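Side chains are part of it too, since the values below use all heavy atoms of this structure and drop only hydrogens, waters and symmetry mates. Source: prediction; values computed, not measured. Letters A, B, ... are given to chains in the order of the sequence lines, protein chains preceding strands, and every chain is numbered from 1.
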Number of protein chains: 2
Amino acid sequence: MSMIVQKFGGTSVGSASNIKRMASRVIEEKNRGNDVVVVVSAMGNTTDTLTRLASEVSTQPQKREMDMLLSTGEQVTIALLSMALQEKGSESISFTGGQAGIHTDSVHGNANIKTIDPKPILQELDAGKIVVVAGFQGVTDEGYISTLGRGGSDTTAAALAAQLGAERCDIYTDVDGVYTSDPRYIKKAAKISSLTYDDMLNLASRGAGVLHPRSVKHAKKHGIPMVVRSSLTRERGTFINHSSKRSDRYPVIGIVFQEERTSITLHGCGGSEVQYAIRSALTPRNIECDFFKSTQESELTLLLQHRDLQESLELISEKKEQLKFDRLTAKKDLAKVAVIGSNILTHPVIQGKAARELAASGIDFKLIEDSPVSVTAAVKQQDVHRAAELLHTAFGLDVPEMRTVVAIQ
Amino acid sequence: MSMIVQKFGGTSVGSASNIKRMASRVIEEKNRGNDVVVVVSAMGNTTDTLTRLASEVSTQPQKREMDMLLSTGEQVTIALLSMALQEKGSESISFTGGQAGIHTDSVHGNANIKTIDPKPILQELDAGKIVVVAGFQGVTDEGYISTLGRGGSDTTAAALAAQLGAERCDIYTDVDGVYTSDPRYIKKAAKISSLTYDDMLNLASRGAGVLHPRSVKHAKKHGIPMVVRSSLTRERGTFINHSSKRSDRYPVIGIVFQEERTSITLHGCGGSEVQYAIRSALTPRNIECDFFKSTQESELTLLLQHRDLQESLELISEKKEQLKFDRLTAKKDLAKVAVIGSNILTHPVIQGKAARELAASGIDFKLIEDSPVSVTAAVKQQDVHRAAELLHTAFGLDVPEMRTVVAIQ
């Protein structure tokens, strides 16, 4: 008997009738003779509704209390899915993150899974039950409810699959796979049939919202194949594993972008030591940042999510003595756009080509520090879709069979 | 320093703005120099919304999963209230029932509190925080979430007050106290300024919805004074304690009624042994029932909440061999109306008078087995308000100063 972890998010948990349809899909997998663990997200716009309620009572809600609030979203879904499974004659049990043995650090709002105690789930699987687990959440050492941040339900699914030694982790979502770019905005984006963990990680960590990088890391580390597929269709989806047919041949695999970025500039200082000190201040709070490429030593700019701005300004200001900057300025309404490929490092022409294309179209941009797997630029929010479309065309992703030819020319 | 437990339910937690207002009321109590523990219910119609969602995925949701679902209601309120308190500059922390150390039995949907570990709350009070606890819920020995059934938040408040040795337990609600009958339907119902635990218990256990009997039992056992008062006004409310000025003088203290009742009749059997066997079957499931007064041995009728009908029929049917009944019939759309007073036992005329009054007005009724503190009748659902109004007048409750005179005539 194999074990399959299924994760359902998006519209598949958007309504009672969708939950019933999803229950059938879970039971199909169970009826193939597999043990099934299901991880679910909050229903539809629950998270937004709860966040709005919080903003009505507080200007800056404490993160522990936000976790207490937001974690109810997944809790509602697990109860409903378990009921729907039972209604269809299956035995099932729902578990909150904590009940499922998921222990995290205490970084509320963006916690990391530390350990998973597999006993509670294995015990119920042994009893023949389908186990339904709330994604996105865990419990801290103090017994408080924590949440894993954006994409947290994928992380829960992959981490459980890894810990339980699952045969596969299926991520059911609103799209039918991983695309060369976001198909909602980039008309010619195409589905990718298979990807390596590393390619997926590169796409995800530069903003491909379909999967969270942490989830891919968990799967990669334990060699659990992942499938990203649609909950609405029977399409094959995108298969993610150690090897893939295509990555070597196509140096560029996708164009991804992330909006709602803000930059902070430190005036009067610079250099790698300052960068290191800033990262040391932000990382423990799970704030990710990128640094602009710069040749001058008297200025340093970093790019981060707008929601992290306030906290980052405070953390950096606390280090004023050490960093020796004169003043801080911030600039909002920015976005990140990135050309992604595992072998970009070995194709140095790509950075030059990306920069030329953006400049030729009159798009204002600043390049971000090199990565071996991407070329990334900060652009104005208003330009981001145009920039992505442009790069998608320039690197041959519009026309699948031409990809190699165009990309390395 | 004294400790006060406050419980907020009804419209006081109906919206974000009401929660902010409630936060101010909590802080007032804290500023008087008291330690404050706040117990809250779910917001407005959350419970109904969740119940409806459950009914969309399941015809008969498993009770464990219903508890998983419904407990999110209070969890949302505690997070929001804690945020609102912090926004106003107070230190606070929210706890689910389980986090607050509330351990229950495993009767999902209608659990009883077994023990409360006071440490988690005391530790936070010692740190100067206001502790906000989710009412209505606890955790079972298996670590599952349980709910306490109707009025469960009052029970949480009283049980915490008892365990923590609080000076007082304030129940804030939509009405400004305990009334001689339900003022929404009985125009001349009047507020009672003080009551003994026993009188309150009698009112509550026969249906006065303002407080759950379990909550009064907890308060009585530990001698914690309770105050039922409005969250919207500054009115004094109803004070509940061991002694009161009035109970001895007024044999009848109120008329209460409960709707959505259904009867089950066992044909071909009867007697106290059968009654005992039925109670033994229903009580472990926390199903309450009353027996109709009957002189014949060949028929036995019990009255219960309509929502318990299905389960009760199953439990009774399982005992068919032992009980030796021929068949079961059920009748719905019934209600219970009761004349309440601690000393009714010593005033045997009251039962006769109640029966005469109902009969004289052409109300179809059946008397229910005697209790020392009440005279109760089953009537048709459609007649219940008229019956209650009639008895309210007949026992002199319309005109406070005449109560004694009329009631014992």
Handout entry: Thr59(B) backbone acceptor or donor facing Glu87(A) side chain under 3.5 Å
Key =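 Side chain of Glu87(A) to backbone of Thr59(B): a pair is present.
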Problem - Side chain to side chain, Arg64(B) and Ser94(A), heavy atoms closer than 4.5 Å - result: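 Yes, close enough: below the 4.5 Å cut-off.
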Exercise for the section: Answer whether the closest heavy-atom distance between the side chains of Gln75(B) and Ser71(A) falls below 4.5 Å. Expected result: yes
Problem - Pair Ser17(A)-Glu56(B), side-chain donor/acceptor within less than 3.5 Å - result: no
Exercise for the section: Select, from Lys88(A), Met66(A), Glu142(A), the one with the greatest count of heavy-atom pairs under 4.5 Å involving chain B. Expected result: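 Top option by heavy-atom pairs under 4.5 Å: Met66(A).
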Practice task
With a 4.5 Å cut-off on heavy-atom pairs, point out which of Ser15(A), Ser58(A), Ala16(A) contacts chain B the most.
Solution key: Ser58(A)
Practice task
Anything in residues 156-163 of chain B with a heavy-atom distance to chain A below 4.5 Å? Please list those residues in order.
Solution key: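 Heavy-atom contacts from residues 156-163 of chain B to chain A are absent.
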Problem - Residues of residues 97-134 of chain B with any heavy atom under 4.5 Å of a heavy atom in chain A - result: Gln99(B), Glu124(B)
Practice task
Side chain from CB out, backbone as N, CA, C, O: work out which of these in Gln62(B) comes under 4.5 Å of a heavy atom of chain A, or both, or neither.
Solution key: both
Handout entry: Toward chain A, the part of Leu81(B) with a non-hydrogen atom under 4.5 Å
Key = neither
Chain B contact via [X] - side chain, backbone, both or neither, heavy atoms under 4.5 Å:
{"X": "Met43(A)", "value": "side chain"}
{"X": "Thr96(A)", "value": "both"}
{"X": "Ile145(A)", "value": "both"}
{"X": "Leu70(A)", "value": "neither"}

Completion exercise
The single option from Glu65(B), Gln60(B), Met68(B) that satisfies side chain to side chain contact (heavy atoms under 4.5 Å, CB included) with Met83(A) is Glu65(B)
